[in-house]
Amino acid sequence: MPHFTSYDATVLHHRALGPDDSGLPPLVCLAGGPGRDATYLGDLGGLAEQRQLLIPDSRGTGASPPATDPSRYAFPHLAEDLEALRTHLGLARFALLAHDAATATAQAYAAAYPTRLTRLILVSPIPHLQGEFPDDTRDILASRSNEPWWPEASAAVQHLSETPTPSEAHDLLLTAAPLAYGRWEAPQQAHAATEAEQLHPVPRAAFWQGVDEPARRTLLAGLGEVTCPVLVMTGGRDTVTGVRAGELVADSFPDGRTHHLPEAGHYPWVDEPARFRQAVEEFLHTP
């Protein structure tokens, strides 16, 4: 399996999907969760059919070893792992896609290395660096109350906030899962069934640690120096991060723009693979 050595001599794993001779630049892809195995990204709605996807396993997930120091799970440190991957791959500049919590890692990387990226795609972002958490997810949640799974799913979300045991959390995650998707059909059900086994509690808990308010503001200011175009993708049925969060994140960049998929949830490549793929490829091909 492909490996690379990071800044602290830790050997981390990455994998490649798709052709390496397509003539198109590769796309580096970061998984969120936080602390979730990157296999949930799949081939990102068929993106790997046209270009190579390079997908690292962050520390403590997939084939990468756990960190001996939990502080290394914090997203600014994971951004340094990404820089080590870039060096290993020999890429002067590269395109980056990140989903969910990994959008914080991607933003930290962009702030630290504002000229390294050719394109940045942030899918269903969490506006942690922006310091605002819009509540439009409540309206999205309410708009879905006529769906048959809604009573049990909404109750499960409440129970998840009450610190359940690991076994209880496993069942609750699956019960609440329909809320994360644009619809609840076979592809969504199969994707959701893998979530509980893919989450790693220590990397998940430590991901947001170690970034105080001055550090957050410094990182946020750094986004204003990012030179590449930035695409922020949101789903109109995303009850996890909503739509307004994406607008806040896009506004943090000099060349930030949004692309909205009204029928998609938190995983738009699962709900709307063709539209998702088209939007990403059009953005990557934009001069």
Side-chain angles (χ1 to χ4, degrees), residues 27 29-33 40-47 50 53 95-107 110 117-147 150 153 157 177-185 187-188 191-192 220 223 226 228-287:
L27 178 63
C29 305
L30 301 182
Y40 84 91
L41 295 176
D43 67 354
L44 285 168
L47 279 177
Q50 300 187 52
L53 307 183
L96 176 63
L97 180 150
H99 174 247
D100 183 64
T103 60
T105 305
Q107 290 177 78
L117 299 175
T118 58
R119 293 286 189 277
L120 176 59
I121 303 167
L122 303 174
V123 183
S124 307
I126 295 175
H128 187 89
L129 294 183
Q130 287 67 31
E132 298 181 49
F133 295 89
D135 60 0
D136 61 327
T137 54
R138 296 180 184 178
D139 294 333
I140 298 171
L141 179 64
S143 73
R144 309 193 68 184
S145 62
N146 62 339
E147 302 196 43
W150 190 89
V157 170
L179 291 168
Y181 297 89
R183 52 188 176 278
W184 192 233
E185 299 173 352
Q188 289 79 9
H191 188 263
L220 182 61
L223 300 184
V226 175
C228 73
V230 179
L231 179 67
V232 180
M233 301 187 70
T234 58
R237 296 185 176 183
D238 184 356
T239 64
V240 180
T241 53
V243 175
R244 178 58 183 151
E247 296 169 352
L248 288 172
V249 172
D251 287 344
S252 301
F253 294 91
D255 189 3
R257 60 197 77 173
T258 59
H259 185 86
H260 184 57
L261 295 171
E263 303 301 313
H266 195 62
Y267 306 96
W269 67 91
V270 178
D271 290 321
E272 299 285 346
R275 291 186 174 90
F276 175 83
R277 183 173 63 249
Q278 179 182 2
V280 171
E281 285 295 344
E282 286 181 353
F283 177 67
L284 291 174
H285 282 90
T286 301

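Every heavy atom of this structure was used, including side-chain atoms; hydrogens, water molecules and symmetry mates were not. As the structure is a prediction and not an experimental result, all values here were calculated from the model.
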Nearest 0.5 Å, please: how far is CD1 in Ile121 from NE2 in His259? 11.0 Å
Between Cys29 and Leu44 the two heavy atoms that sit nearest each other are SG-CD1, 3.6 Å
Counterpart residues, salt bridge (Lys or Arg N to Asp or Glu O under 4.0 Å), relative to Arg277 (two or more places apart): none
How about Arg275: does its CZ atom have over 12 heavy atoms from other parts shown lying under 6.0 Å from it? no
With sequence neighbours left out, write down each residue that passes salt bridge (Lys or Arg N to Asp or Glu O under 4.0 Å) with Glu185, or none if nothing qualifies. Arg183
Between Ala142 and Ser145 the two heavy atoms that sit nearest each other are O-OG, 3.0 Å
Using modelled atom types only, decide if a donor and an acceptor are shared between the side chain of Thr239 and the backbone of Leu179 within a distance under 3.5 Å. yes
Can you find a pair of side-chain heavy atoms, one from Leu129 and one from Ser252, that are under 4.5 Å apart? no
Closest non-hydrogen atom pair between Thr105 and Leu30, with its separation: CG2-CD1, 4.1 Å
Which label fits Tyr267 and Tyr40: parallel for a plane angle under 30°, tilted from 30 to 60°, or perpendicular past 60°? perpendicular
Look only at the side chain of Asp136 and the backbone of Val243, and say whether a donor-acceptor pair between them is shorter than 3.5 Å. yes
On a heavy-atom basis, the closest approach of Ala250 and Thr258 is CB-CG2, 3.6 Å
First locate atom CG of Leu47, then atom CD of Glu281, and finally report the distance between them rounded to the nearest 0.5 Å. 5.5 Å
Considering all heavy atoms of both residues, which atom of Glu263 and which atom of Glu272 are nearest to each other, and what is their separation? CB-OE2, 3.2 Å
Side chains of Gln107 and Gln130: any donor to acceptor distance under 3.5 Å? yes
Under the 3.5 angstrom rule, does the side chain of His128 hit a backbone N or O of Thr103 as a donor-acceptor pair? no
Do the side chain of Trp150 and the main chain of Leu141 share a donor and acceptor less than 3.5 angstrom apart? yes
Measure the OG1-CG distance between Thr118 and Leu96 for me, rounded to the nearest 0.5 Å. 9.0 Å
So how far is it from Leu261 CG to Gln278 CD, rounded to the nearest 0.5 Å? 10.0 Å
Any chance you could measure Phe283, atom CZ, to Leu120, atom CG, to the nearest 0.5 Å? 7.0 Å
Sole residue of Asp238, Val232, Val240 in side-chain contact (heavy atoms from CB on, under 4.5 Å) with Ser124: Asp238
Quick one: list whatever passes salt bridge (Lys or Arg N to Asp or Glu O under 4.0 Å) with Arg257, sequence neighbours left out. Asp255
Value rounded to 0.5 Å, distance of NE2 in His191 from CH2 in Trp269: 5.5 Å
Least distance between heavy atoms, Ala110 atom then Leu117 atom: CB-CD1, 4.0 Å
